[in-house]
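Since the structure comes first, as structure tokens, the remarks are kept for the end.
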Amino acid sequence: MTASGPTADLNALEQDVLASITEAGDLTALENARVAAIGKKGRISAEMQKLGAMKPEERKAFGKAVNAVKARVTKALDTRKGALEAAALAEKLATERADVSLPVRDGPETRGRIHPVSQVLDECIEIFADMGFSVAEGPDIESQDTNFTKLNMPEDHPARQDHDTFYFAPGLDGSRQLLRTHTSTVQIRTMLNNEPPLRIIAPGRVYRGDSDQTHTPMFHQIEGLVIEEKIHMGHLKWVLEEFSKAFFEVDDVEMRFRASHFPFTEPSMEVDIGAGTIGKPGDWLEVLGCGMVHPNVLKNCGLDPERYQGFAFGMGLDRITMLKYGIPDLRAFFSADLRWLRHYGFSMLNTPTLGGGLSR
Ligand code: PHE
């Protein structure tokens, strides 16, 4: 082929186009160079259109050449694009700085509120984590076995009636699932699936068919469970006292342990705290049920009661929220009223920590 043939023109064209790519100083210039070369009406596209009018042998050689040119140009465009983008990013990083010490701008972040129950749950987790507890979870939909039977409440046990349980329709095997009536289900799940020593809290939603100013059909509990070889009631008392002091952010808390009855603990107690703690001296407020885990419960979960002992407690999360933050009506907790949430809710920037003070 002679130097003045179509291939020579192609060489010149390629050099020209490659130069325009190298010269493109920014992404816009590069895009212009791309359109001028391989766009619909670009110079290389125009060369390709010549193929149709060529004789077969000529078309074969020229087609190969022009395709190779297009491939090299495309590659050069990509390379240059990558370089220009990297340069643009470097420039942006060098000139745009975020001042993380500036106050948060007014907007959704400052206007949104954390629900008091979520805030109090974070406070509780912070306190118990500091005492070496980890957080366990279980499902809201449970079997009767986990919610009752394994907790030492056999089928005909009267305490089953006390819970106003929401049952599902019977399944294929005739058994009926339920919405858990307490977080004590997570005691069972924890003991069945882990080896002692155990030290957990289990926060979550529970359900009972109750509704008035202090009862809602759904509410929250925090369960606690400790199983070790030499655990006794002194430990239980200490944990609850330390928790109460930390939670109410006071140096001293008046506590009263009243004998009570739960099928899954023996002995069982209910705990009241002196209302003076929250500024109402003379009154007692019930905050939780607790006791030493019943030997039958340990056995039901495959643990040897001669070797292991432990304590459990179950606390009303909504209740301690009302007490700590002086919120009178439980129903408002779950009515999704924005005015209520703006009044009682917490800023998302207010993360409770022991070091920084839980609520200060
Ligand atoms: N599960 C009991 C309730 O819901 C509370 C409780 C938990 C009592 C653990 C003792 C031990 O009332």
Side-chain angles (χ1 to χ4, degrees), residues 112-125 128 135-151 153 157 159-171 175-190 200-225 243 247 260 262-264 270-271 285-290 312-346 348 352:
R113 282 290 172 272
I114 306 284
H115 194 286
V117 171
S118 303
Q119 184 80 8
V120 163
L121 174 56
D122 284 345
E123 294 182 17
C124 292
I125 290 174
F128 282 112
V135 177
E137 279 181 317
D140 292 15
I141 297 174
E142 270 291 6
S143 64
Q144 300 195 44
D145 183 58
T146 311
N147 196 84
F148 293 129
T149 315
K150 287 226 165 32
L151 284 160
M153 283 183 264
H157 199 286
R160 286 200 182 200
Q161 264 80 67
D162 299 344
H163 280 207
D164 293 316
T165 311
F166 292 113
Y167 287 95
F168 287 86
S175 73
R176 303 183 76 179
Q177 290 194 293
L178 45 75
L179 288 172
R180 66 177 175 190
T181 60
H182 51 182
T183 44
S184 300
T185 53
V186 188
Q187 288 187 40
I188 301 301
R189 288 174 172 272
T190 303
I200 57 115
I201 55 166
R205 299 183 170 201
V206 299
Y207 306 83
R208 291 180 203 178
D210 254 355
S211 197
D212 60 35
Q213 202 190 332
T214 51
H215 295 90
T216 48
M218 185 281 299
F219 58 103
H220 299 84
Q221 289 187 331
I222 297 189
E223 194 80 8
L225 175 72
F243 167 77
F247 179 71
S260 181
F262 299 105
F264 34 92
E270 276 172 308
V271 177
L285 305 160
E286 186 189 322
V287 288
L288 60 87
C290 62
F313 57 86
M315 190 156 61
L317 186 54
D318 314 284
R319 181 154 179 78
I320 62 171
T321 305
M322 293 168 81
L323 291 176
K324 179 165 180 179
Y325 291 108
I327 310 176
D329 190 335
L330 179 62
R331 287 166 300 192
F333 275 56
F334 311 119
S335 63
D337 180 344
L338 267 182
R339 288 165 310 170
W340 183 89
L341 193 57
R342 285 193 189 112
H343 182 76
Y344 287 111
F346 292 81
M348 65 163 233

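Atoms considered below: every heavy atom in the structure, side chains included; atoms not considered: hydrogens, waters and symmetry mates.
Taking 4.0 Å as the cut-off between side-chain N and carboxylate O, Arg319 and Glu286 do not count as a salt-bridged pair. A salt bridge does not link Arg208 to Asp164: none of the charged side-chain nitrogens sits closer than 4.0 Å to a carboxylate oxygen. Salt-bridge annotation for Arg189 and Glu223: absent, with no side-chain N of the basic residue lying under 4.0 Å from a carboxylate O of the acidic one. Arg205 and Asp140 are not joined by a salt bridge, as no carboxylate oxygen comes within less than 4.0 angstrom of a charged side-chain nitrogen.
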Under the side chain to side chain contact (heavy atoms under 4.5 Å, CB included) criterion, do Leu317 and Phe219 qualify, and how do the steps go? CA-CA 8 Å; Leu317 186 54; Phe219 58 103; over 6 Å; no
Please evaluate residues Ile320 and Met315 with respect to the criterion side chain to side chain contact (heavy atoms under 4.5 Å, CB included), reporting the C-alpha separation (whole Å), side-chain torsions for both, the decisive distance (0.1 Å), and the verdict. CA-CA 8 Å; Ile320 62 171; Met315 190 156 61; 4.2 Å; yes
Worked verdict on Tyr167 versus Gln177 for side chain to side chain contact (heavy atoms under 4.5 Å, CB included): CA-CA 6 Å; Tyr167 287 95; Gln177 290 194 293; over 6 Å; no
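The aromatic rings of His182 and Phe148 sit tilted, their planes meeting at an angle between 30° and 60°. Classified by interplanar angle (parallel below 30°, tilted 30° to 60°, perpendicular above 60°), the ring pair Phe243/Phe128 is parallel.
In terms of the side chain to side chain donor-acceptor pair (under 3.5 Å) criterion, residue partners of His220 (sequence neighbours excluded) are, by chain and number, Asp318. For Gln221, the side chain to side chain donor-acceptor pair (under 3.5 Å) test picks out Thr183, with sequence neighbours left out. Under the side chain to side chain donor-acceptor pair (under 3.5 Å) criterion, Ser211 pairs with no residue, sequence neighbours left out.
Within the model, atoms OG1 of Thr321 and CG of Leu330 stand 9.5 Å from one another, a figure rounded to the nearest 0.5 Å. Going from atom OH of Tyr207 over to atom CG of Leu179 covers 6.0 Å, rounded to the nearest 0.5 Å. Ile222 CD1 to Ile201 CD1: the interatomic distance, rounded to the nearest 0.5 Å, is 5.5 Å. Note: Glu142 CD to Thr185 OG1 = 4.5 Å, rounded to the nearest 0.5 Å. In this structure, Asp337 CG and Tyr344 OH are separated by 11.0 Å, a value rounded to the nearest 0.5 Å. Note: His343 NE2 to Leu338 CG = 14.5 Å, rounded to the nearest 0.5 Å.
The local environment of CD in Glu137 is sparse, with at most 12 non-hydrogen atoms from other residues, nucleotides or ligands closer than 6.0 Å. The environment of Arg176 atom CZ is dense: over 12 non-hydrogen atoms of other residues, nucleotides or ligands sit within 6.0 angstrom.
Thr181 and Asn147 share a donor-acceptor pair across their side chains, judged by distance under 3.5 Å alone.
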